[in-house]
Amino acid sequence: FAQDWMDYQSRIQYVVQKGEPVVDVIFYVGDKLPQFFSKSIINDLPYGFQAGACNFDMLKNKAKIVDGKIWFGGKQSFQVLALPKSTAMDFATLKRIAELVNDGLILSGPKPTEVLSLTDIKSNTEEFNKLADALWGKTSENQYGKGKVISGKSIAGVLKQLEMVPDFNTDNNNPKELMFIHRTIED
């Protein structure tokens with residue numbers, strides 16, 4: 001009996017290690033400390049979608065826009081960058097996000113209204129507010145360069161608007177009862 005169980009577990013591990021994860025949304029963990037992944041949009045994602053996380057270092061040093069998706073190197077790309085439910089942000093983060101949206105990123109999240117660093121509060125508040133106003137505009141959806149910013153909508157609403165399809169559908173609404181991993185392999 002134990003051998004069958006071990007064979008089963010071995011097969012699962014073999015399959016899970018193949019290929020690359022398919023993740024729909026990348027979540028920016030924010031600039032405030034401590035950073036809580038559990039208090040993010042992850043809990044608001046509709047069933048059948050998955051999200052990954054990134055920090056400022058990844059945005060600054062690895063993020064590029066390729067074919068309208070954010071890419072960090074490797075084989076994964078993400079259609080949407082989601083911001084945390086916070087209106088505070090560092091000015092450097094706002095500038096980098098503006099560059100990415102200008103290049104074609106789709107951004108979902110609230111408009112930042114608070115500068116975090118004391119240095120930026122003293123010397124860059126006006127520039128911070130101008131850039132935030134330009135990025136978010138005066139509507140819930142604002143075109144900025146090749147990309148756009150969507151605010152005032154749940155992540156489920158954003159995914160629906162973008163006509164993104166979940167990995168699968170189920171009548172079960174409890175994500176703790178049915179867990180899944182979506183991976184893709186090269187043929």
Side-chain angles (χ1 to χ4, degrees), residues 19-32 35 37 40-42 44-46 48-113 115-117 120 124 127-167 181-186:
E20 292 289 326
V22 175
V23 182
D24 308 291
V25 177
I26 190 78
F27 170 71
Y28 179 63
V29 294
D31 296 321
K32 291 174 106 175
Q35 297 171 335
F37 195 61
S40 68
I41 60 101
I42 303 305
D44 300 331
L45 275 174
F49 289 97
Q50 292 189 338
C54 72
N55 58 21
F56 179 68
D57 182 58
M58 291 173 69
L59 285 181
K60 180 182 174 190
N61 298 313
K62 294 183 178 182
K64 293 180 179 142
I65 303 302
V66 177
D67 298 327
K69 296 181 179 181
I70 189 166
W71 178 72
F72 296 96
K75 297 179 182 178
Q76 289 184 353
S77 60
F78 309 89
Q79 283 191 270
V80 179
L81 173 65
L83 297 178
K85 298 173 185 175
S86 170
T87 57
M89 185 179 285
D90 279 335
F91 187 44
T93 303
L94 181 63
K95 288 193 288 188
R96 181 61 181 140
I97 288 173
E99 291 170 3
L100 293 169
V101 173
N102 189 55
D103 291 344
L105 174 70
I106 296 174
L107 178 69
S108 171
K111 176 181 173 181
T113 56
V115 184
L116 281 178
S117 95
D120 286 333
N124 294 319
E127 193 176 345
F128 177 91
N129 290 331
K130 282 182 183 178
L131 184 55
D133 289 343
L135 259 174
W136 270 263
K138 296 185 187 298
T139 62
S140 62
E141 187 172 320
N142 187 50
Q143 195 73 33
Y144 185 86
K146 296 177 187 173
K148 66 180 160 183
V149 176
I150 302 170
S151 61
K153 282 189 179 181
S154 67
I155 192 65
V158 171
L159 297 174
K160 186 175 182 178
Q161 176 183 333
L162 297 174
E163 299 179 357
M164 292 176 65
V165 180
D167 293 336
I181 298 172
H182 181 180
R183 299 179 75 84
T184 185
I185 58 173
E186 294 179 13

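Just so you know, these numbers use all the heavy atoms, side chains as well, and skip hydrogens, waters and symmetry mates.
Among residues at least two apart or in separate chains, salt bridge (Lys or Arg N to Asp or Glu O under 4.0 Å) pairs with a member in residues 129-156 are Lys111-Asp133, Glu126-Lys130, Glu141-Lys148. For residues 51-63, no residue pair satisfies the salt bridge (Lys or Arg N to Asp or Glu O under 4.0 Å) rule, not counting sequence neighbours.
Between Phe49 and Met164, the shortest heavy-atom distance links the atoms CZ-O, 3.5 Å. Ile106 and Leu162 get closest at one heavy-atom pair: CD1-CD2, 3.8 Å. Scanning all heavy atoms of the two residues, the minimum distance from Ile155 to Ser108 falls at CD1-OG, 4.1 Å. Minimum interatomic distance between Ala132 and Pro112 (heavy atoms only, all atoms of both residues): CB-O, 3.8 Å.
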For residues 65-83, which side-chain donor-acceptor pairs fall under 3.5 Å, sequence neighbours excluded?
unit_1, atom_1, unit_2, atom_2, d
Trp71, NE1, Gly74, O, 2.9
Lys75, NZ, Glu186, OE2, 2.9
Gln76, NE2, Pro21, O, 3.1

Distance-only donor-acceptor pairs under 3.5 Å for side chains of residues 95-102, two or more places apart:
unit_1, atom_1, unit_2, atom_2, d
Arg96, NE, Leu59, O, 2.7
Arg96, NH1, Glu99, OE1, 2.9
Arg96, NH2, Leu59, O, 3.3
Arg96, NH2, Ala63, O, 2.6

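With sequence neighbours excluded, no residue forms a side chain to side chain contact (heavy atoms under 4.5 Å, CB included) with Val165. In this view, Ala156 and Pro46, Ser154 satisfy the side chain to side chain contact (heavy atoms under 4.5 Å, CB included) rule, not counting sequence neighbours. For Ser86, the side chain to side chain contact (heavy atoms under 4.5 Å, CB included) criterion is met by Lys32, Ala88, not counting sequence neighbours. Residues meeting the side-chain hydrogen bond (donor to acceptor under 3.5 Å, both in side chains) test with Asn124, sequence neighbours left out: Asp120.
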inquiry  = Run the side-chain contact (heavy atoms from CB on, under 4.5 Å) test on Leu94 and Leu135 for me, step by step, so that the C-alpha distance in whole Å, both residues' side-chain angles and the decisive distance to 0.1 Å come before the verdict.
reply    = CA-CA 9 Å; Leu94 181 63; Leu135 259 174; 3.7 Å; yes
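Of the candidates Leu107, Leu131, Asn142, Leu107 is the only one forming a side chain to side chain contact (heavy atoms under 4.5 Å, CB included) with Trp136.
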